[in-house]
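Could you have a look at this structure, given as structure tokens, before my questions?
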Amino acid sequence: MAKVNRNKSLETLMDMDKTAVVKKNAVPPEARNITPGHGLEFKNVSYSVKKKLKKDGAWITKEAYLLNDISGQAVRGEIMAIMGPSGAGKSTFLDALAGRIAQGSLEGSVRIDGKPVST
């Protein structure tokens with residue numbers, strides 16, 4: 001019996017993934033209508049911090065975005081997952097939604113049932 005090599009290269013796996021996505025007569029998923037005033041809504045949420053860097057012997061201040069223009073909605077009765085690799089900003093995003101970030105550094109709006117979330 002011949003031994004089958006089950007180890008596949010990353011390129012092979014990526015090619016397999018591409019062929020799985022491109023299917024003939026595939027029906028695209030339906031876009032969910034966002035209903036204002038229902039559930040948790042977040043629009044254009046951005047959060048930046050000022051970083052001090054030493055360049056050529058002088059201190060400069062640079063703005064770094066931890067969250068950049070995130071929008072979406074979590075409707076009542078649905079389960080939503082926030083996923084991403086370590087350091088992607090998941091906890092920072094949840095802090096922004098919960099109103100635990102100072103309003104001066106947070107841009108955008110977060111609402112629950114149409115009412116603004118306040119700190």
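It should be emphasised that the depicted structure is a prediction, and the values quoted were computed from it without experimental measurement. As a basis for the values below, the full set of heavy atoms in this structure was taken, side chains included, without hydrogen atoms, waters or symmetry mates.
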**Asked** Would Leu106 and Val49 show up in the same hydrophobic cluster when neighbours are defined by side-chain heavy atoms closer than 4.5 Å?
**Response** yes
**Asked** Can you name the closest pair of heavy atoms from Lys52 and Trp59 and give their distance?
**Response** O-CZ3, 4.0 Å
**Rounded distance [0.5 Å steps], CD1 in Ile70 versus CZ in Phe93** = 5.5 Å
**Request:** Spell out, as yes or no, whether a donor-acceptor pair under 3.5 Å connects the side chain of Ser46 to the backbone of Asp69.
**Result:** yes
**Item:** Ser71 (side chain) donor-acceptor with Asn44 (main chain) under 3.5 angstrom
**Value:** yes
**Item:** Distance (rounded to the nearest 0.5 Å) between Glu41 CD and Asp113 CG
**Value:** 8.5 Å
**Item:** Side chain to side chain, Val117 and Leu97, heavy atoms closer than 4.5 Å
**Value:** no
**Prompt:** Any side chain to side chain donor-acceptor pair (under 3.5 Å) pairs touching residues 90-99, not counting sequence neighbours?
**Reply:** Asp95-Arg100
**Shared hydrophobic cluster, Tyr65 / Val110 (ILVMFWY, side-chain heavy atoms < 4.5 Å)** = no
**Asked** When rounded to the nearest 0.5 angstrom, what is the spacing between CD in Gln73 and CE in Met80?
**Response** 8.0 Å
**Asked** If you measure from CG on Leu67 to CD1 on Ile101, what distance do you get to the nearest 0.5 Å?
**Response** 6.0 Å
**Message:** Restricting to non-hydrogen atoms, name the atom on Glu63 and the atom on Ser48 that form the minimum distance, rounded to 0.1 Å.
**Reply:** OE2-OG, 2.7 Å
